[in-house]
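Notes for the one structure printed next.
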Amino acid sequence: MAGGLANKASTDKVLMKGNEAIAEAAIRGGCRFFFGYPITPQNEIPEYMSRRLPEVGGVYLQAESEVAAINMVYGAAAAGARVMTSSSSPGISLKQEGLSYIAACELPCVVVNMMRGGPGLGGIQPSQSDYFQATKGGGHGDYHLIVFGPASVQEAADITCEAFSIADYYRNPVMILGDGALGQMMEPVEFRPVEEPELPPKTWATTGARGRRPNIITSLELEPALLEELNRRLAAKYEKIKRELVRFDTYKLEDAHWAIVAYGMMARVARAAVDKARARGIRAGLFRPISLFPFPYDSLARVAEQVRAFLTVEMSMGQMVEDVKLAVLGKRPVHFYGRTGGVVPTAQEILQALERIIQNEAPQNANGAWQKEGDAGAEGFWATGGFN
Amino acid sequence: MLEEVIIAGFGGQGVMVMGYLLAYAAMREGKNVSWIPSYGPEMRGGTANCSVVISRDSEVASPIVSEPTTLIAMNRPSLDKFERMLVPGGLLVVNASLVDREPERRDIDILKVPANDIANELGNMRVANMVVLGAFVARRGCVEPASVIGSLEKVLPPHHHDLIPLNEEAFARGAGLASLRPSMQP
Amino acid sequence: MQKVFGRPEALTEAPTHYCPGCTHGIVHRILAEVIDELGVRERTVGVVPVGCAVFAYYYFNCDMIEASHGRAPAVATGVKRVLPGNVVFSYQGDGDLASIGTAEIVHAAARGENITVIFINNAIYGMTGGQMAPTTLPGQKTTTSPSGRDTARAGYPIRVCEMLSTLDGASYIARVSCTSPANVARAKRAVKRAFEVQLSGSGFSLVEFLSSCPTNWGMTPIDALRWIDEKMSAYYPLGEYKVPEGARQGA
């Protein structure tokens with residue numbers, strides 16, 4: 001389990017934007033190839049890479065489109081390189097086909113999505129509305145990315161650095177799922193020495209069939225039985241990932257009666273809401289998934305044994321809340337509060353949502369239905385959850 | 001101690017670097033800090049703002065400031081846009097050289113700094129931002145003046161390091177305009 | 001006894017799935033012979049398209065990657081940037097290269113990406129069953145232009161060699177066919193020159209093959225080759241469109 005949110009600063013730290021810290025961390029994690037296409041709010045990543053990669057003998061290339069960029073990633077990963085691309089929501093949509101191929105061919109790479117408000121062209125302010133796309137596959141076919149949702153510049157840097165060895169180890173694309181605010185904000189960050197795990201050589205890479213049989217990288221399989229075999233192999237890998245890669249963090253959850261569940265930037269605000277609630281004598285706590293695929297279902301299920309209800313808070317109309325409900329399996333009510341389009345819920349709004357739950361938490365509400373309540377004072381989308 | 005500052009003005013007034021300096025100074029002091037700019041098309045429109053959150057005791061929650069404890073308004077549009085967002089008892093620092101109206105709020109601490117006039121006296125209009133920063137830091141005490149001065153060489157690009165003495169002087173002139181009156185906020 | 005004809009080392013022993021009379025097989029052989037003659041098989045990486053050549057990775061005896069539809073130049077770019085000392089080629093049809101992958105081919109050429117592209121232009125979508133291609137000739141009947149391509153509604157064919165030749169990044173561009181032994185010999189010289197251009201680091205090279213599709217054209221193989229000579233070559237003239245300074249002329 002990773003540590004807490006932003007760490008105490010000291011003079012050996014540097015003040016960096018999240019986007020820049022991710023780029024620097026990628027280079028420290030061994031990334032030497034970057035293919036991208038400009039889109040706000042992640043442009044600092046390609047800009048930083050274009051400056052820094054040549055200094056370390058790497059290659060930065062601005063592709064003609066996000067579609068081309070992800071396919072360049074596919075080629076570079078096939079050739080055995082540590083490679084990354086980054087984009088923001090609409091651009092990530094364009095990369096989905098390529099990601100499906102990369103996942104099917106079991107090629108390692110790292111993809112950063114600094115989410116902005118959607119759907120469509122949407123806006124450029126922070127959002128978390130690509131959770132479904134990121135964690136449930138995104139493109140066509142039965143596949144998963146490994147997805148992490150860092151909540152601070154430090155955590156974004158740490159996870160990005162590690163992401164390359166995780167991708168290599170599992171031969172799977174890894175997505176860093178941030179948002180516009182995480183990318184744009186500056187916080188103190190410290191680049192820690194990288195510990196590389198023992199990794200098998202990439203004997204599968206298409207580097208030229210020198211003294212060996214040719215390697216073929218393809219996801220085409222017209223024989224149903226063989227294609228099913230691929231899917232079974234992938235599924236087995238995802239099960240292994242679920243056993244080995246779950247990460248989460250908690251805050252004041254030990255004695256909590258009310259659990260707030262939030263990830264990324266939203267979790268920082270939720271943490272402040274926990275403090276506000278505690279100041280009013282409400283025993284609130286925070287559960288913060290760090291790995292979004294694999295999602296910490298089991299750990300959250302254990303929290304259900306202890307708390308009276310859950311409040312999931314997101315910068316979306318309610319996406320991760322579905323995984324929270326899957327984890328809780330009807331044992332406790334799961335409520336939701338969200339803002340969208342680039343609006344970030346404040347700690348005060350979260351506190352109000354929590355107080356309303358506490359007031360209303362009565363058996364007659366537990367009818368399994370979701371209701372939208374147009375309650376004055378709450379601008380966000382508000383839903384009470386029953387025991388479904 | 002929790003200081004949530006919005007710094008706003010025209011592009012070119014140095015509002016981003018004010019925030020950057022403040023954040024850097026806070027980091028040097030081991031405080032929790034975040035800085036975030038407004039980004040996107042509004043950057044091209046000639047106005048700019050950034051938010052800085054400094055917290056001594058706890059980690060920074062959201063870097064996005066919706067209820068600032070301090071507003072630094074370098075021009076009139078910034079005052080118009082952000083004044084109502086200030087928390088009661090918060091601090092408003094206005095660049096009195098450019099802002100041609102009185103603040104409407106009566107429940108806040110107001111510090112009027114003729115920043116451009118002082119910068120003119122110093123011979124370089126571009127240090128108006130440092131005059132204002134000096135006044136703000138002297139008023140709130142959220143970071144030590146020495147931390148800000150010590151951050152100049154980290155924050156300013158090397159080809160501007162010859163201007164560090166002038167920046168220090170501007171900062172001191174601003175600081176001389178304000179006495180310490182820490183937040184009225186709990 | 002002297003062996004005068006054999007399978008190139010750069011081809012596997014797998015039987016191809018191409019239709020009788022299709023010229024893909026000839027193009028494969030030309031490519032394989034060039035790879036052998038240049039001695040680069042063990043450092044060659046090929047990228048194949050979505051289209052009739054989708055299984056070409058079974059036929060070439062070198063490292064191969066299957067790309068998504070139209071993206072082979074981008075995939076080849078990724079490989080080449082990682083392995084600049086390797087020989088990287090893409091093998092693409094007209095739908096793949098001139099329709100869905102237009103952006104990728106234009107920008108790979110514009111960047112002067114040091115790869116070689118083998119472009120099979122048979123004026124039709126073969127694998128999907130004979131639909132209209134971006135290179136389908138005006139008036140040509142396909143399953144989606146049953147009365148013949150009407151340029152008023154469906155626009156005009158794209159002349160890829162002419163278009164790419166305008167780009168400074170393109171180093172070697174040629175159009176060839178396999179309709180006669182002489183044309184096959186010329187085609188092989190063009191492919192070899194394209195690979196040599198890549199080996200010398202001179203930038204982007206592309207060889208377009210006017211290729212036959214007897215099945216979807218509804219012709220005998222012989223008639224199909226005649227149609228290339230009479231109809232296709234009239235719209236798409238053969239020849240070298242761009243040759244780097246100092247390279248030999250006369251394919």
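Sequence lines set the chain letters: A, B, ... in the order given, protein chains first and strands last, and positions in each chain run from 1. These numbers come from the heavy atoms of this one structure, side chains and all, not from hydrogens, waters or symmetry mates.
Considering only heavy-atom pairs separated by less than 4.5 Å from chain C, the leading option among A/Val59, A/Leu220, A/Val83 is A/Leu220. Residue with the most contacts toward chain C among A/Gly75, A/Ala205, A/Cys105: A/Gly75 (heavy-atom pairs, distance under 4.5 Å).
In this structure, the side chain of C/Asp63 engages the main chain of A/Asn215 through a donor-acceptor pair within 3.5 Å.
Listed here is the closest heavy atom pair of A/Gly208 and C/Val45: N-CG2, 3.9 Å. Residues C/Ser68 and A/Tyr101 come closest through the heavy atom pair CB-CZ, 3.2 Å. Closest of all the heavy-atom pairs between C/Cys62 and A/Pro214 is O-CB, 3.2 Å. The two atoms that bring A/Gly211 and C/Glu42 nearest to each other are N-OE2, 3.2 Å, heavy atoms only.
Under the side chain to side chain contact (heavy atoms under 4.5 Å, CB included) rule, C/Tyr57 has a single partner from A/Ile217, A/Thr206, A/Thr218, which is A/Thr218.
Summarising the local packing, CD of A/Glu55 is surrounded by more than 12 heavy atoms from other residues, nucleotides or ligands at distances under 6.0 Å. In A/Tyr37, the OH atom is not crowded: 12 or fewer heavy atoms of neighbouring residues, nucleotides or ligands sit closer than 6.0 Å. For A/Arg51, the CZ atom is densely surrounded, since the number of other residues' heavy atoms within 6.0 Å is greater than 12. No more than 12 heavy atoms of other residues, nucleotides or ligands lie within 6.0 Å of OH in C/Tyr156, so this atom counts as exposed by the packing criterion.
Residues of residues 105-122 of chain C having a heavy atom under 4.5 Å from any heavy atom of chain A, listed by number: C/His107, C/Arg111, C/Glu113.
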Run the side-chain contact (heavy atoms from CB on, under 4.5 Å) check on C/Glu104 and A/Val67 step by step: do they pass? CA-CA 9 Å; C/Glu104 282 75 11; A/Val67 175; 3.8 Å; yes
Decide side-chain contact (heavy atoms from CB on, under 4.5 Å) for C/Leu83 and A/Thr207; before the verdict, give the C-alpha distance in whole Å, the side-chain angles of both, and the deciding distance to 0.1 Å. CA-CA 7 Å; C/Leu83 303 168; A/Thr207 54; 4.2 Å; yes
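For a residue to count as touching a neighbouring chain, one of its non-hydrogen atoms must lie under 4.5 Å from one of that chain's; by this rule A/Leu61 touches chain C with the side chain only. At a 4.5 Å heavy-atom cutoff, the contact between C/Thr44 and chain A is made by backbone atoms alone. Only the side chain of C/Asn86 has a heavy atom closer than 4.5 Å to any heavy atom of chain A. Contact annotation for A/Arg32: neither backbone nor side-chain heavy atoms come within less than 4.5 Å of a heavy atom of chain C.
For residues 16-37 of chain C, the set of pairs meeting the salt bridge (Lys or Arg N to Asp or Glu O under 4.0 Å) definition, not counting sequence neighbours, comprises C/Arg29-C/Glu33, C/Glu33-C/Lys188, C/Glu37-C/Lys188, C/Glu37-C/Lys192. Screening residues 10-25 of chain C for salt bridge (Lys or Arg N to Asp or Glu O under 4.0 Å), with sequence neighbours left out, gives no hits.
By the side-chain contact (heavy atoms from CB on, under 4.5 Å) test, C/His28 pairs with C/Leu11, C/Tyr18, C/His24, C/Ala56, C/Tyr59, C/Phe60, C/Tyr91, sequence neighbours left out.
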